[in-house]
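Here is the naming used below: chain letters follow the sequence lines, and residue numbers restart at 1 for every chain. Side-chain atoms are counted along with the backbone in the values below, which use heavy atoms only and exclude waters and symmetry mates. Being a predicted model, the structure only gives us computed values, none of them experimental.
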Amino acid sequence: MATSTPINGWSIPQLADVANIETAITSFASGVDSRVNPIFANNAARDSAIPSPTAGQECFVTTDNIKYVYRNSTWKMLSPYRSVVVTGGTVSSIDFSSIPSTLRSLRVYHTLRGDTAAVAINVRMRINGSSSSVYQSQGMVGSGAGTSAAAENSSTSASFGSATAANQTAGQYAAGIINFYGWNSPHTHFLSWHFLNEGRGSGGAMFVEVGGGSFNATGPYTSLTFFPVSGGFITGSQIVLEGWD
Amino acid sequence: MATTTDINNWPLPTRSDASNMETAMTGFANGVDARANPIFATTAARNAAIPSPTPGQEAFVTADNSKYYYNGSAWKLLTPYRRESTASGSVANFDFQNIPTGLTSLRINWTLRGTTAVLNVQNRFKINNVADTSYDGIYAQTESTGIFSNELLGEESSGFIGHSPGSTAVANLFSAGYLEVIAWNQPHIFYTSWIWHTQGKNTSEMFQSGGGRYANSFGGWNRVTLFPDTGSWATGSMVSIEGWDV
């Protein structure tokens with residue numbers, strides 16, 4: 001009879017073994033123990049239970065709802081950080097706090113509509129709640145058959161395009177993405193990003209906005225606040241964050 | 001000797017226990033059972049087998065080829081929903097069906113080349129195979145040192161998402177690009193929107209960024225079809241789709 005399991009090589013008790021259930025089962029149990037999905041409340045509990053992890057070992061941490069794998073001598077995310085807000089009423093801003101400062105990349109998906117009496121409304125963001133004059137942005141706009149460019153320097157928040165607003169066709173929301181690179185502060189100062197956004201403006205003309213920006217302040221970066229330049233975001237607006245360490 | 005395992009704290013039988021294999025092994029076996037990777041045919045079978053999951057518990061469902069974890073209130077995707085297709089001969093389209101309706105965004109990546117004898121074909125797509133004239137679009141394009149914007153408003157029966165080389169373009173040249181349908185889960189019913197980037201070549205190198213929307217109130221998105229405005233996709237064209245749930 002086989003003395004070990006075929007995949008993991010865990011030892012199997014043998015009929016000829018001394019009748020001692022402790023020694024018979026311990027090796028097998030320890031093997032299984034280190035190859036399943038243990039669940040821990042936080043990283044400290046994980047590190048206490050697994051002081052010497054091996055490459056490929058896995059676990060789940062409920063505090064941040066993330067699965068980890070041990071590789072390259074550290075615990076790395078096996079599933080992304082994700083956070084979703086769908087507005088159930090009008091809100092002045094959509095806020096995300098406690099974003100892991102270890103994320104190397106962070107992507108924002110948004111579909112937004114404001115309640116201000118305009119066809120479109122500029123939408124803006126702040127990092128770490130900062131309203132200091134440390135935001136820069138540059139964008140290119142295609143609208144109808146026309147193109148234009150715009151820049152902002154030393155602003156107290158950053159533009160990431162425009163959302164549709166109350167005077168636009170009912171049900172029309174703008175949509176776009178923002179990509180941050182270096183959310184984990186690999187260099188001090190200047191967290192940078194780029195964005196792409198589409199929506200509908202004056203006379204029903206569609207627009208597409210391509211741009212980027214930077215935040216001239218040191219990390220760690222842990223929060224994002226999104227808001228229209230006036231008024232709020234209406235029901236059915238949605239922002240999703242997704243990031244990897 | 002230890003009475004529990006080091007990591008999961010599962011109870012281990014001890015030599016002083018009564019000689020009863022059932023009671024000796026049940027605690028350990030149940031512990032393993034709840035921390036392994038159970039495989040179920042459907043989500044219904046999963047829910048029947050695990051009526052009271054704990055946060056962090058995992059399961060694989062073969063019906064949708066997806067791994068899930070329980071976040072304390074619902075089963076969520078642990079790995080992204082993904083599908084891929086590569087043309088081993090010319091194909092009329094890339095058609096992805098039964099996509100989960102709950103994905104917050106759906107990303108479609110491509111590298112494409114058309115079979116028609118033109119310099120460029122148009123990349124086109126439909127959602128749920130709907131072909132009414134409700135697809136709008138806008139894009140900005142740079143080619144050589146020129147830049148322009150073009151709006152495709154209200155007359156389109158499919159979504160425009162850039163160009164790919166046709167058969168008269170430089171041999172072996174394929175486009176590369178992606179499309180993000182931002183709110184596939186439809187947090188608002190009317191108007192589903194997307195943005196896209198693509199790179200290709202006309203008479204010079206060409207880069208395009210655009211967006212669009214489907215301006216009608218159908219719902220329950222579960223299908224995407226990519227096709228050229230004329231002809232087929234050439235061998236070696238490839239499309240993959242990827243998304244996460246709420």
Could you report the tightest heavy-atom contact between Gly236(A) and His188(B), atom names first, then the distance?
O-ND1, 2.8 Å

What is the distance from atom OG1 of Thr14(B) to atom CD1 of Ile25(A), rounded to the nearest 0.5 Å?
13.0 Å

Using non-hydrogen atoms and a 4.5 Å limit, figure out which bit of Thr62(A) sits close to chain B: side chain, backbone, both or neither.
side chain

Side chain from CB out, backbone as N, CA, C, O: work out which of these in Ala170(A) comes under 4.5 Å of a heavy atom of chain B, or both, or neither.
backbone

Turns out that what part of Ser34(A) lies under 4.5 Å from chain B's heavy atoms comes down to both

Among Ser209(B), Ala215(B), Gly31(B), the residue with the most heavy-atom pairs under 4.5 Å to chain A is Ser209(B)

Start with the C-alpha distance between Met140(A) and Ile147(B), add both sets of side-chain angles, then the distance that settles side-chain contact (heavy atoms from CB on, under 4.5 Å), and finish with yes or no.
CA-CA 11 Å; Met140(A) 176 184 74; Ile147(B) 179 172; 3.2 Å; yes

For Phe60(A) against Gly56(B), the heavy-atom pair lying closest together
CD2-CA, 3.3 Å

Taking C-beta and beyond as the side chain, do Ile182(B) and Ile177(A) meet within less than 4.5 Å on heavy atoms?
yes

Indicate whether the side chain of Asn37(A) and that of Gln57(B) have a donor and an acceptor atom separated by less than 3.5 Å.
no

Less than 4.5 Å to any heavy atom of chain A: does that hold for the side chain of Ala24(B), its backbone, both, or neither?
side chain

For Asn185(B), which atoms come within 4.5 Å of any heavy atom of chain A: side chain, backbone, both, or neither?
side chain

Short question: side chain of Asp33(A), backbone of Asp6(B) - any donor-acceptor pair under 3.5 Å?
yes

Check whether Asn8(B) gets within reach of chain A through its side chain, its backbone, both or neither, counting any heavy atom under 4.5 Å.
both

Nearest heavy-atom contact between Ile138(B) and Gly142(A) is CG1-O, 3.8 Å

Let me know if Phe148(B) has heavy atoms under 4.5 Å from chain A in its side chain, its backbone, both or neither.
backbone

Return the option, out of Lys67(B), Met21(B), Arg107(B), with the maximum number of heavy-atom pairs under 4.5 Å with chain A.
Arg107(B)

Sub-4.5 Å side-chain heavy-atom contact between Trp196(B) and Leu196(A)
no

Quick one: pull up OG in Ser193(B) and CG in Asn197(A) and give me the separation to the nearest 0.5 Å.
9.5 Å

Between Val84(A), Thr111(A), Val210(A), who has the most heavy-atom pairs with chain B when the cutoff is under 4.5 Å?
Thr111(A)

Grab the two heavy atoms, one from Trp244(B) and one from Glu242(A), that are nearest each other, plus how far apart they are.
CD1-OE1, 3.4 Å

Go through the atoms of Arg35(A) and report whether side chain, backbone, both or neither lie under 4.5 Å from a heavy atom of chain B.
neither

Which bit of Gln172(A) comes within less than 4.5 Å of chain B, counting heavy atoms only: side chain, backbone, both or neither?
both

Test side-chain contact (heavy atoms from CB on, under 4.5 Å) applied to Glu58(B) and Lys67(A), step by step
CA-CA 10 Å; Glu58(B) 299 180 0; Lys67(A) 177 94 182 245; 2.3 Å; yes

So Arg107(A) and Glu180(B), salt bridge (Lys or Arg N to Asp or Glu O under 4.0 Å) or not? Walk me through it.
CA-CA 12 Å; Arg107(A) 173 170 285 193; Glu180(B) 294 265 15; 2.6 Å; yes

Any chance you could lay out the side-chain contact (heavy atoms from CB on, under 4.5 Å) test for Ile39(A) and Arg35(B), step after step, and finish with the verdict?
CA-CA 8 Å; Ile39(A) 299 170; Arg35(B) 294 292 179 275; 3.5 Å; yes

What heavy-atom pair brings Ile195(B) and Ala175(A) nearest, and what distance separates the two atoms?
CG2-O, 3.7 Å

If you measure only the distance, is there a donor-acceptor pair under 3.5 Å linking the side chains of Arg82(A) and Thr104(B)?
yes

Please check: side-chain N/O of Glu22(A) versus main-chain N/O of Arg15(B), any donor-acceptor pairing under 3.5 Å?
yes

If I measure from the heavy atoms of chain B, does Val240(A) come under 4.5 Å with its side chain, its backbone, both, or neither?
side chain

Contact between Ile7(B) and Phe40(A) at the side-chain level, heavy atoms closer than 4.5 Å - yes or no?
yes

Chain A contacts, top residue of Gly211(B), Ala140(B), Ala36(B), Ser149(B) (heavy-atom pairs, under 4.5 Å)
Ser149(B)

Can you find a pair of side-chain heavy atoms, one from Trp184(B) and one from Tyr109(A), that are under 4.5 Å apart?
no

Given a strict heavy-atom distance threshold of 4.5 Å, which part of Phe207(A) is in contact with chain B: side chain, backbone, both, or neither?
backbone

Taking the ring centre of each residue, are Tyr191(B) and Tyr173(A) less than 6.0 Å apart?
no

Turns out that what part of Leu12(B) lies under 4.5 Å from chain A's heavy atoms comes down to side chain

Please find the pair of heavy atoms, one from Gly204(A) and one from Leu153(B), that lie closest to each other, and give the distance.
O-CD2, 3.7 Å

At what distance, to the nearest 0.5 angstrom, does CZ of Arg213(B) lie from OG1 of Thr164(A)?
9.5 Å

Which answer fits Leu78(B), side chain, backbone, both or neither, if we ask what part of it has an atom under 4.5 Å from a heavy atom of chain A?
both

